[in-house]
Undergrad: 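Input: one structure, supplied below.
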Amino acid sequence: MSVRTRFAPSPTGYLHVGGARTALFSWLFAKRSQGTFILRIEDTDRERSTQESIDAILQGMAWLGLEYDEGPIYQTERFDRYQEVIEQLLHDGHAYRCFCSKERLAALREQQLSAKQKPKYDGHCLKYPPEDRDVPHVIRFNNPKSGSVRINDRIRGTIEVANDQLDDLIIARSDGTPTYNLTVVVDDWDMGITHVIRGDDHINNTPRQINILQALNAPVPEYAHVPMILGGDGARLSKRHGAVSVMQYREQGILPKALLNYLVRLGWSHGDQEIFSLDEMCALFSLEECNKSPSSFNHEKLLWLNQHYLSHSPLTEVLPELEWHLSRAGLNISDGPDLDTLLQVQKERHNTLVSLVEESRPFYQEFDEYDSKAAKKHLRSVALEPLTHLKTKLEDLTDWSRESLHHCVQLTAEELNIGMGKVGQPLRVALTGMSASPSIDLTLELLGQETTLSRIQRALDYIQARQQSNSN
Ligand code: GLU
């Protein structure tokens with residue numbers, strides 16, 4: 001039997017990290033078994049589904065590299081088929097029309113609640129089929145009234161639910177549109193899904209779906225319910241914990257491979273291994289090694305993984321992301337060092353592409369002003385002499401290489417009989433406006449002679465102006 005899995009998001013928002021993890025698990029399970037991974041867009045709720053959200057889901061999947069073998073299949077294009085199945089269920093006595101008014105249902109609910117019973121439809125229209133078929137009505141599934149349903153969940157183990165605990169759920173609304181449990185069942189059946197891997201918020205739907213599948217004589221897939229993701233405070237991960245949309249992580253400078261590696265470990269483990277290449281994940285992933293209990297999101301760990309991927313990934317993988325971030329930061333790539341060089345210099349120093357790009361800004365653009373703390377500390381009168389001394393040396397330098405630049409800085413310190421830091425720190429602030437940058441010789445090399453000289457002059461002017469205003 002060849003494995004077929006699916007990811008079935010409802011397009012009512014962005015691609016949430018929880019959704020992305022479910023997609024990843026389904027994708028890995030399919031890859032591991034040389035199976036097929038299908039994307040199904042569950043857009044039957046027309047009021048809440050938007051094209052924007054469909055686009056966001058497709059974009060997030062593409063960015064993560066979760067390619068699907070079939071799809072996207074849209075449920076709104078399959079209404080005829082759902083109708084056909086509803087007719088079949090009605091015909092076979094597995095479904096019935098229910099004409100009960102809202103008022104009757106509300107009264108029934110009230111009565112059951114006050115008798116401390118679980119609210120549930122009482123089967124009135126099944127027992128007393130009404131005559132009139134032209135008035136608005138819903139269609140209910142005729143759930144088996146005795147026995148039980150067993151789910152052999154690949155993560156949670158065996159779950160057994162008594163049928164008398166299950167309602168005769170509505171499978172078509174009064175406007176004729178099918179409901180979630182019906183469409184999922186028809187789709188899983190028609191698409192030949194062998195393994196349903198999804199969030200455990202659907203676990204209560206599973207026995208109902210199995211009953212409908214059985215009523216249709218359709219094969220029952222295997223189920224694996226993935227526990228939810230919690231924020232650091234133990235509550236379900238939500239916007240208030242920070243970024244939850246996959247594309248927000250991109251905006252924060254996370255690499256797709258780092259996020260995938262992070263997500264795979266969120267609820268799955270293989271010994272104490274933390275770093276998994278995609279090939280390794282595909283080869284090793286198993287549902288049995290998934291956690292039964294919820295996992296907590298840990299932003300520090302994501303940053304740690306991102307640092308790893310920034311410094312260890314082949315340049316070709318990081319470059320498209322770096323380009324995206326530079327242009328997002330309004331920087332023109334042709335105004336600064338080539339990206340290979342930039343990445344080589346900066347990759348060990350940052351755990352996100354955002355901080356990498358921010359620190360690289362002075363290589364592409366004149367900075368507006370000095371960081372005030374850095375200027376206060378390093379652009380002082382004592383810096384005038386070393387900066388002037390060095391500037392003269394750099395003006396005459398013909399070989400603008402890291403080695404000769406290093407030599408010039410060192411010589412300046414020696415000749416003035418001061419420590420290297422007394423030259424290097426004011427120089428760094430003069431060149432970048434900040435007190436953090438790659439090593440000083442690399443910074444000089446990347447900036448080039450012209451920019452270096454004009455920025456040293458700018459710092460000299462700044463110090464002198466400050467001196468003057470202080471003495472006034
Ligand atoms: N459309 C459902 C959701 O987004 C998932 C349904 C399923 O996986 O069965 O929560």
Undergrad: Quick one: pull up CZ in R6 and OG1 in T194 and give me the separation to the nearest 0.5 Å.
TA: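 If we round to the nearest 0.5 Å, R6:CZ and T194:OG1 are 11.0 Å apart.
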Undergrad: For F285 and F25, run ring pair (Phe, Tyr, Trp, His ring centres under 6.0 Å): C-alpha distance rounded to whole Å, both residues' side-chain angles, the deciding distance at 0.1 Å, then the answer.
TA: CA-CA 8 Å; F285 182 78; F25 283 14; 4.9 Å; yes
Undergrad: Are the side chains of Q344 and K347 in contact, using a 4.5 Å heavy-atom criterion?
TA: yes
Undergrad: Does atom CD of E52 have more than 12 heavy-atom neighbours from other groups under 6.0 Å away?
TA: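 Not more than 12 within 6.0 Å, no.
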Undergrad: More than 12 non-hydrogen atoms from neighbouring residues, nucleotides or ligands closer than 6.0 Å to NZ on K393, yes or no?
TA: yes
Undergrad: Output the distance between atom NE2 (H299) and atom OH (Y249), rounded to the nearest 0.5 Å.
TA: 6.5 Å
Undergrad: Does a side-chain heavy-atom distance below 4.5 Å link N152 with T158?
TA: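 The answer is yes; the side chains approach within 4.5 Å.
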Undergrad: How close do Q425 and S435 get, counting heavy atoms only, and between which atoms?
TA: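 Distance-wise, the nearest heavy atoms are NE2-O, 4.4 Å.
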Undergrad: Does L339 reach the side chain of L326, with side-chain heavy atoms less than 4.5 Å apart?
TA: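 L339 reaches L326 side chain to side chain.
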Undergrad: Is there side-chain contact between K301 and E274, with at least one heavy-atom pair below 4.5 Å?
TA: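 They are in side-chain contact.
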Undergrad: Check the surroundings of atom CZ in R48: do more than 12 heavy atoms from other residues, nucleotides or ligands lie under 6.0 Å from it?
TA: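 It does not: R48 CZ has 12 such atoms or fewer within range.
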Undergrad: Can you confirm whether R78 sits close enough to I73 that some side-chain heavy atom of one is under 4.5 Å from a side-chain heavy atom of the other?
TA: yes
Undergrad: With a 6.0 Å cut-off (strictly less than), is the heavy-atom count around CD of E385, excluding the residue itself, greater than 12?
TA: no
Undergrad: May I ask you to check whether over 12 heavy atoms, not counting those of H241, lie within 6.0 Å of atom NE2?
TA: yes
Undergrad: Knowing that exactly one of V226, D200, N291 qualifies, which makes a side chain to side chain contact (heavy atoms under 4.5 Å, CB included) with I155?
TA: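 That would be V226; it is the only one of V226, D200, N291 passing the side chain to side chain contact (heavy atoms under 4.5 Å, CB included) with I155.
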Undergrad: Using a 4.5 Å cut-off on heavy atoms from C-beta on, say whether the side chain of W268 contacts that of L284.
TA: yes
Undergrad: State, yes or no, whether a side-chain contact exists between I171 and Y82 at a heavy-atom distance under 4.5 Å.
TA: no
Undergrad: Calculate, to the nearest 0.5 Å, the distance between atoms CD and CH2 belonging to E450 and W400 respectively.
TA: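 The CH2 atom of W400 is 10.5 Å from CD of E450, to the nearest 0.5 Å.
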Undergrad: Quick one: does Q365's side chain have a donor or acceptor within less than 3.5 Å of a partner on R361's backbone?
TA: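 No.
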Undergrad: Using a strict 4.0 Å threshold on nitrogen-to-oxygen distance, state whether R455 and E366 make a salt bridge.
TA: yes
Undergrad: Flag yes if more than 12 heavy atoms outside E415 fall under 6.0 Å of its CD atom; otherwise flag no.
TA: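 Yes, the 6.0 Å shell around CD holds more than 12 heavy atoms from other groups.
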Undergrad: Would you say the side-chain atoms of T179 pair up with the backbone N or O of I170, donor to acceptor, closer than 3.5 Å?
TA: yes
Undergrad: Within this structure, what is the CG-CZ distance for the pair N163 and R208, rounded to the nearest 0.5 Å?
TA: 10.5 Å
Undergrad: Rounded to the nearest 0.5 Å, what separates atom CE in M228 from atom OG in S293?
TA: 10.5 Å
Undergrad: Under 3.5 Å, is there a donor-acceptor pair linking the side chains of Q75 and D43?
TA: no
Undergrad: Charged N to carboxylate O under 4.0 angstrom, D153 versus K292?
TA: no
Undergrad: With salt bridge (charged side-chain N to carboxylate O under 4.0 Å, His left out) as the test, would you mind laying out the steps for D233 and R240 before giving the verdict?
TA: CA-CA 11 Å; D233 59 358; R240 73 190 167 82; 3.2 Å; yes
Undergrad: Within the 4.5 Å heavy-atom criterion, are H378 and R428 side-chain neighbours or not?
TA: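 Answer no - side chains too far apart.
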Undergrad: Grab the two heavy atoms, one from P337 and one from L446, that are nearest each other, plus how far apart they are.
TA: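 For P337 versus L446, the nearest heavy atoms are CB-CD2, 3.8 Å.
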Undergrad: Establish, from distance only, whether the side-chain atoms of T443 and S437 form a donor-acceptor pair under 3.5 Å.
TA: yes
Undergrad: Do you know which of L416, V409, L427 makes side chain to side chain contact (heavy atoms under 4.5 Å, CB included) with P386?
TA: L416
Undergrad: Can you establish whether the number of heavy atoms outside E369 located under 6.0 Å from its atom CD is more than 12?
TA: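 Counting neighbours around CD of E369, 12 or fewer heavy atoms of other residues, nucleotides or ligands fall under 6.0 Å, so no.
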Undergrad: For residues 214-224, pull every pair meeting side chain to side chain donor-acceptor pair (under 3.5 Å), keeping only residues two or more places apart or in separate chains.
TA: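 Listed once each, the pairs are R154-E222.
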